[in-house]
Amino acid sequence: MYILVVNSGSSSIKFQLLDMATERPLASGLLEAIGSPAAVLHLRSTTDTSIQVSASDHSQALGFIFKALDAMGFDRPQAIGHRVVHGGERFQAPVLLTPEVISQIKAISSLAPLHNPANLLGIAACQQHFPGLPQVAVFDTAFHQTMPETAWRYAVPDSWYLDYGVRRYGFHGSSHAFVCRAAARWLGKPLQHCNLISLHLGNGASITAVEQGRSVDTSMGMTPLEGLVMGSRAGDIDPAIHAYLGRTAGLGVNEVERQLNQASGLKALCGDNDMRRILARAAAGDKAASLALDIYVRRIRKYLGAYMLLLGRVDAMVFTGGIGENAAEVRAHICRGLDAFGIRLDVELNQSPWQGQAAIHQLPQAKNDLALLVIATNEELEIARQVAELIGSHL
Ligand code: ADP
């Protein structure tokens, strides 16, 4: 079975065609700058190519993508999986796209005004090109719908939740789900028997507590702004800062929100949001970069401590995302001095090259030691697997 995974943004479409027999990508790519004369399609298959295209909208852009896949001789996919950022409370699992489901995704777009409308553009364009082909929405929030009310409820007036959906949803679901499945396989236990802490550390970052295979808490909230310090997002701050800046600096709420999302985090602390550069600067004695790194790691450790207490017993801690997978030094900072809690990093293994997944804890393990795993995330494959499971169950 071939499955096409589509991740549609407001001016770009990322895609991957997967052969589910091998779970390998046959082709992948990115069409960017849709609607501008600079639109370009980057294709990766046996070779890499970039082609200037004229794509005034998502439908034309997908037309080019389908034509390029055709020209490479690939069969038509049997199904398309769409990444949809916000599924609200309505969607707890992947779902076949019907007109009713599309209206429901539209209805919750106010929860993710930048993302859901862009995801819907990709869905509409695929339906136009391939009417009749099964198309499935896979939601970033769905994995966290297993959280108990004690985790998802904010202590705010009832009407905020009942009338406006103000609650914690969590994100990065496909990534956390993928690495948790892989960690369970590594541990040699069914996922339902595993307690895990999964750290997705990329430009966006979140940490999730997984109890018996189900998400029971996660650091992102109603939006992806809550929680860890990120590339350009502040993560947790005192919510009264909005009002304070309104009164004292005359900043409107939209401007405060913009700055918290785009001009905060590592970028605000040291002017850089690329962890490679931050590590190099810190190593060269740059104080701002060192401070940024320390604040970044401290926030992660606060959540880590909270989730270890919440879970009681933890089988494994999993690092993923661009930083989690590649920044050995950040992993070492996070684990420093935690031997008493069963977190014993092997310095050499942590630095060693690896592929796909690696264990980086000290051996032999003591009774309560956690497995420390680095697992390369693969959100496209997770989406394709969920689509295949759903389509399989409908055949
Ligand atoms: P996104 O959330 O945009 O998908 P990624 O998961 O690709 O982000 O992560 C991007 C982050 O990973 C950047 O901060 C980048 O500097 C960091 N990163 C990538 N490779 C390395 C590396 N070798 N060492 C340290 N950091 C890295």
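One-based numbering, in listed order, for ligands and for the atoms of each.
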Enquirer: Between Gly322 and ligand 1, is there a nitrogen or oxygen pair with a distance under 3.5 Å?
Expert: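 Yes; at least one N/O pair falls below 3.5 Å.
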Enquirer: Quick check on contacts: which atoms of ligand 1 are under 4.0 angstrom from a heavy atom of Ile323?
Expert: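 Under 4.0 Å from Ile323, ligand 1 has these atoms: 11 (C), 12 (O), 14 (O), 17 (C).
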Enquirer: Let me have the donor-acceptor pairs involving side chains of residues 25-40, under 3.5 Å, with sequence neighbours excluded, atom names and distances please.
Expert:
residue, atom, partner, partner atom, Å
Glu32, OE2, His42, NE2, 2.8
Ser36, OG, Ala38, N, 2.9

Enquirer: Within the structure, does at least one protein heavy atom fall under 4.0 Å of atom 5 (P) of ligand 1?
Expert: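 True for atom 5 (P) of ligand 1.
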Enquirer: List the closest protein heavy-atom neighbour of atom 16 (O) of ligand 1: residue, atom name, distance to the nearest 0.1 Å.
Expert: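 Going by distance alone, atom 16 (O) of ligand 1 is nearest to Asp274 OD1, 2.6 Å.
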Enquirer: Using a strict cut-off of 4.0 Å, indicate which atoms of ligand 1 neighbour a heavy atom of Asn273.
Expert: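 The atoms of ligand 1 under 4.0 Å from a heavy atom of Asn273 are 14 (O).
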Enquirer: Tell me, which protein residue and heavy-atom name are nearest atom 24 (N) of ligand 1, and how many Å apart are they?
Expert: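 Atom 24 (N) of ligand 1 sits closest to the protein heavy atom Arg276 CG, 3.4 Å.
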Enquirer: Would you say Val330 contacts ligand 1, with heavy atoms under 4.0 Å as the rule?
Expert: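 Heavy atoms of Val330 never come under 4.0 Å of ligand 1.
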Enquirer: With atom 26 (N) of ligand 1 as the reference point, say which of Met275, Glu329, Glu379 has the nearest heavy atom.
Expert: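 Among Met275, Glu329, Glu379, the closest heavy atom to atom 26 (N) of ligand 1 comes from Met275.
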Enquirer: N/O to N/O below 3.5 Å, does that happen between Ala327 and ligand 1?
Expert: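 Not met; the criterion fails.
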Enquirer: Is there a heavy atom of Gly204 sitting under 4.0 angstrom from any atom of ligand 1?
Expert: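 The answer is yes, since Gly204 has a heavy atom less than 4.0 Å from ligand 1.
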Enquirer: Identify the closest protein heavy atom to atom 10 (C) of ligand 1: which residue and atom is it, and at what distance?
Expert: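 Checking every protein heavy atom, the shortest distance to atom 10 (C) of ligand 1 gives Asn203 N, 3.8 Å.
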